Peer 1: 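Pasting a structure below so you can have a look.
No experiment lies behind these values; they were computed from the predicted model shown. Chain naming here is simple, since letters A, B, ... match the order of the sequence lines and numbering starts at 1 in each.
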There are 2 protein chains.
Amino acid sequence: MKISTKGRYALRLMTDLAIHKDDGYISIKSIATRQNISEKYLEQIIKLLAKENLVESTRGAQGGYKLTREPVEYTVGEILRVTEGSLAPVACLETDDNPCENCMDCVTLEIWQCVLDAVNKVVDSITLQYLVDKQREKGNCGCC
Amino acid sequence: MKISTKGRYALRLMTDLAIHKDDGYISIKSIATRQNISEKYLEQIIKLLAKENLVESTRGAQGGYKLTREPVEYTVGEILRVTEGSLAPVACLETDDNPCENCMDCVTLEIWQCVLDAVNKVVDSITLQYLVDKQREKGNCGCC
DNA sequence: TTGAATTCCTAGCAATTTTGTAGTATATTA
DNA sequence: TAATATACTACAAAATTGCTAGGAATTCAA
């Protein structure tokens with residue numbers, strides 16, 4: 001039941017962008033240096049966020065990324081779902097395709113649905129702005 | 001954020017044992033046949049449950065496994081934690097060793113703690129007896 | 001107009017974890 | 001003593017994760 005580095009890095013990445021939201025476009029290189037994360041790996045993660053329009057970019061010198069909205073308008077849940085795929089504990093709850101026709105009537109699906117709802121409720125109640133505020137007070141260990 | 005087959009199989013395995021709780025010792029072979037899960041793999045999963053005394057065993061002919069308590073005395077959370085290790089979304093929340101000393105003061109740890117609490121609350125509120133009752137009405141698809 | 005900086009895109013790969021298999025030793029019962 | 005089980009250990013295939021590599025396309029500044 002682990003969150004992967006993709007989701008965790010995405011949270012740090014977005015928090016970094018939020019903290020520098022008034023500094024124009026921010027390069028991956030500078031984020032990678034500050035956060036001590038591989039540049040090339042960050043590139044792949046931010047691509048996921050760009051595809052869903054959570055961030056926008058320009059190429060070339062002085063290029064980089066910036067948020068498309070105010071930090072208070074993002075939730076942690078949204079960021080995690082874009083990068084992790086889905087927070088569902090089983091594939092059957094992934095949108096679109098229920099691989100098994102009996103699933104709808106299955107005992108355990110009900111449990112996984114409750115777990116998913118509980119997780120979503122938590123992460124959807126926390127905004128990126130909250131992360132920024134808390135980070136300013138507390139810092140970030142980088143390992144979780 | 002997926003539950004592995006170990007946890008899912010363990011739930012089916014325990015439900016199977018609960019349904020046959022008055023039939024003496026139940027062999028892995030018969031469970032494997034009914035649930036259509038590899039015998040040898042089930043063996044490894046049930047070993048985890050036996051180690052924590054959720055089930056007891058006897059060897060030899062007519063041997064097998066049975067529950068050590070009434071189905072109503074097990075929670076889904078307990079079964080999952082024994083087989084999955086922990087439901088924590090990050091390693092830093094795993095008991096005993098916090099690998100990073102700054103974690104205690106980290107922004108995101110707080111979030112992961114809330115997620116863990118929410119998940120535990122759900123799975124700890126569902127008993128094995130509930131699974132048995134629902135399974136009798138609804139069945140189990142075997143895929144989640 | 002040229003060069004530096006930067007995103008964009010694709011492919012691959014090493015390490016780890018998951019999901020099993022296989023074989024043998026040990027115990028129990030009829 | 002033969003059949004039936006668990007107990008234990010080791011290994012292996014498959015999938016996923018986490019990351020690396022290289023080059024094309026774009027933009028800006030000197």
Side-chain angles (χ1 to χ4, degrees), chain A residues 1-10 12-13 17 20 23-33 35-66 68 80 83-86 89-91 94 142-144, chain B residues 1-10 12-13 17 20 23-33 35-66 68 80 83-86 89-91 94 142-144:
Chain A
M1 277 288 277
K2 292 283 177 291
I3 288 279
S4 73
T5 54
K6 263 186 192 157
R8 290 189 281 116
Y9 289 176
R12 287 163 63 191
L13 163 57
L17 282 180
H20 296 92
D23 304 348
Y25 286 95
I26 309 297
S27 71
I28 284 184
K29 192 174 209 166
S30 69
I31 302 173
T33 303
Q35 300 296 329
N36 195 33
I37 299 176
S38 149
E39 217 174 300
K40 285 293 191 179
Y41 193 35
L42 265 189
E43 197 180 301
Q44 287 171 34
I45 295 168
I46 208 166
K47 188 168 61 178
L48 299 170
L49 297 161
K51 204 173 61 184
E52 298 298 319
N53 269 81
L54 274 71
V55 299
E56 59 183 292
S57 63
T58 67
R59 290 174 164 197
Q62 319 327 319
Y65 293 88
K66 67 174 185 181
T68 53
L80 289 178
T83 48
E84 291 281 315
S86 151
V90 291
E94 232 107 74
C143 74
C144 67
Chain B
M1 277 286 277
K2 293 283 176 291
I3 288 279
S4 74
T5 53
K6 262 186 193 158
R8 291 190 280 116
Y9 289 177
R12 287 163 64 192
L13 162 58
L17 282 180
H20 295 92
D23 303 348
Y25 286 95
I26 308 296
S27 71
I28 284 184
K29 192 173 209 167
S30 70
I31 301 173
T33 303
Q35 300 295 330
N36 196 32
I37 300 175
S38 147
E39 216 174 304
K40 286 293 191 179
Y41 193 34
L42 265 190
E43 195 181 302
Q44 287 171 37
I45 295 169
I46 209 166
K47 187 168 58 178
L48 300 170
L49 297 162
K51 203 172 60 183
E52 299 298 318
N53 268 80
L54 275 71
V55 299
E56 59 183 290
S57 63
T58 67
R59 290 173 162 196
Q62 317 328 318
Y65 293 89
K66 66 174 185 180
T68 53
L80 290 179
T83 48
E84 291 280 314
S86 151
V90 291
E94 233 107 73
C143 75
C144 67

Peer 1: Which residues pass the side chain to side chain contact (heavy atoms under 4.5 Å, CB included) test with A:Thr33, not counting sequence neighbours?
Peer 2: none
Peer 1: B:Ser57: what forms a side chain to side chain contact (heavy atoms under 4.5 Å, CB included) with it, not counting sequence neighbours?
Peer 2: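 Partners of B:Ser57 under the side chain to side chain contact (heavy atoms under 4.5 Å, CB included) test: B:Tyr65.
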Peer 1: Please list, chain by chain and in numerical order, all residues satisfying side chain to side chain donor-acceptor pair (under 3.5 Å) with B:Thr68, sequence neighbours excluded.
Peer 2: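 Per chain and number, B:Thr68 pairs via side chain to side chain donor-acceptor pair (under 3.5 Å) with B:Tyr74.
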Peer 1: Please identify the 5'-most and 3'-most nucleotides of DNA chain C with any atom under 4.0 angstrom from a heavy atom of chain B.
Peer 2: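 Result: C:dT19 to C:dT29.
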Peer 1: For A:Tyr25, check ring-ring contact (aromatic ring centres under 6.0 Å, His included) against everything at least two apart and list the hits.
Peer 2: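 Applying ring-ring contact (aromatic ring centres under 6.0 Å, His included) to A:Tyr25 gives none.
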Peer 1: Remember a base hit wins even if backbone is also touched, and classify A:Ile28 as base, sugar-phosphate or nothing at under 4.0 Å, heavy atoms.
Peer 2: sugar-phosphate
Peer 1: Are A:Leu49 and A:Leu13 close enough that some pair of their side-chain heavy atoms sits under 4.5 Å apart?
Peer 2: yes
Peer 1: Please tell me which of B:Ala61 and B:Lys47 maps to the more 5' nucleotide of DNA chain D, matching each residue to the nucleotide holding its nearest heavy atom.
Peer 2: B:Ala61
Peer 1: Using a cut-off of 4.0 Å between protein heavy atoms and nucleotide atoms, how would you tag nucleotides 17-24 of chain D 5' to 3' with B, S and -?
Peer 2: -BBBBBB-
Peer 1: In chain order, what residues pass the side chain to side chain donor-acceptor pair (under 3.5 Å) check against A:Glu52, with sequence neighbours excluded?
Peer 2: none
Peer 1: Looking at residues at least two apart in the chain, or sitting in another chain, which of them share a salt bridge (charged side-chain N to carboxylate O under 4.0 Å, His left out) with A:Lys47?
Peer 2: none
Peer 1: Could you check how far CG of B:Leu42 sits from C1' of D:dC8, rounded to whole Å?
Peer 2: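 It works out to 17 Å between those atoms.
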Peer 1: Compute the angle between the rotation axes at the two ends of the helix from C:dT1-D:dA30 to C:dA30-D:dT1, each taken over five pairs, rounded to 10 degrees.
Peer 2: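 Roughly 0° between the end axes, to the nearest 10°.
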Peer 1: Could you check how far CD1 of B:Ile26 sits from P of D:dT4, rounded to whole Å?
Peer 2: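 Roughly 17 Å, once rounded to whole Å.
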Peer 1: Taking only residues two or more places apart in sequence, or in another chain, which ones meet B:Tyr41 in a side chain to side chain donor-acceptor pair (under 3.5 Å)?
Peer 2: B:Thr5
Peer 1: Using modelled atom types and a 3.5 Å cut-off, is there a donor and acceptor pairing between side-chain atoms of A:Glu84 and backbone atoms of A:Gly7?
Peer 2: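 Looks like yes, one N/O pair under 3.5 Å.
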Peer 1: Of all residues at least two apart in sequence or in a different chain, which pass the salt bridge (charged side-chain N to carboxylate O under 4.0 Å, His left out) check with B:Glu43?
Peer 2: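 If we apply the salt bridge (charged side-chain N to carboxylate O under 4.0 Å, His left out) test to B:Glu43, skipping adjacent residues, the hits are B:Lys40.
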Peer 1: Indicate, with a heavy-atom threshold strictly under 4.0 Å, whether B:Tyr65 touches base, sugar-phosphate, or nothing.
Peer 2: sugar-phosphate
Peer 1: So, using salt bridge (charged side-chain N to carboxylate O under 4.0 Å, His left out) as the criterion, who are the partners of A:Lys2 when residues are at least two apart?
Peer 2: B:Glu94
